[in-house]
Amino acid sequence: SSCIFISSYKEASMELFDGEKHYSLKNSKKGFQQLKSLLLGQHGSLDSVALIYEVTGIYSYPLTLFCAEEKIKAVIPNRNNQPIIQGSTV
């Protein structure tokens, strides 16, 4: 299993870090398709990946929707320091 950290603090971009490399993608349908291709290229399957990101209002909503549609695990820290794990049986 691999974790990818994402910051979607701006309307137009997502900053990703996979522990080794930094990526900058558009926070758009095209950017999400690039993200999916990147994840599949690195891991072969979306089942072994978890995306970690903070909820940033309207900027993170498209990412949350993308994760739900693609059944990608998402770990979303909240203010109570208890992560919300979406799409997981953990």
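The structure displayed is predicted, hence computed values, not measured ones.
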Which heavy atom in L63 sits nearest to a heavy atom in F32, and how many Å separate them?
N-CZ, 3.6 Å
Test side chain to side chain contact (heavy atoms under 4.5 Å, CB included) applied to Q42 and D18, step by step
CA-CA 10 Å; Q42 288 183 345; D18 66 3; 3.1 Å; yes
Considering all heavy atoms, the nearest N27-P62 contact
OD1-CB, 4.2 Å
Just to verify, which of L51, D47, L35 counts as forming a side-chain contact (heavy atoms from CB on, under 4.5 Å) with I72?
L51
Roughly how far, to the nearest 0.5 Å, is CG of L38 from NZ of K21?
8.0 Å
Pair I76-E54, side chain to side chain contact (heavy atoms under 4.5 Å, CB included): steps then yes or no:
CA-CA 6 Å; I76 307 165; E54 181 181 13; over 6 Å; no
Which atom of V75 lies closest to which atom of A50, heavy atoms considered:
CG2-CB, 4.5 Å
When every non-hydrogen atom of V49 is compared with those of K73, the smallest separation belongs to O-CB, 3.6 Å
Is there side-chain contact between F66 and K36, with at least one heavy-atom pair below 4.5 Å?
yes
Side-chain contact, heavy-atom cut-off 4.5 Å: E70 with L46?
yes
CD-OG distance between E15 and S24, expressed to the nearest 0.5 angstrom
3.5 Å
What pairs with K29 under side-chain contact (heavy atoms from CB on, under 4.5 Å), at least two apart in sequence or on another chain?
none
Minimum-distance pair of heavy atoms, taken over all atoms of M14 and K26:
CE-O, 3.4 Å
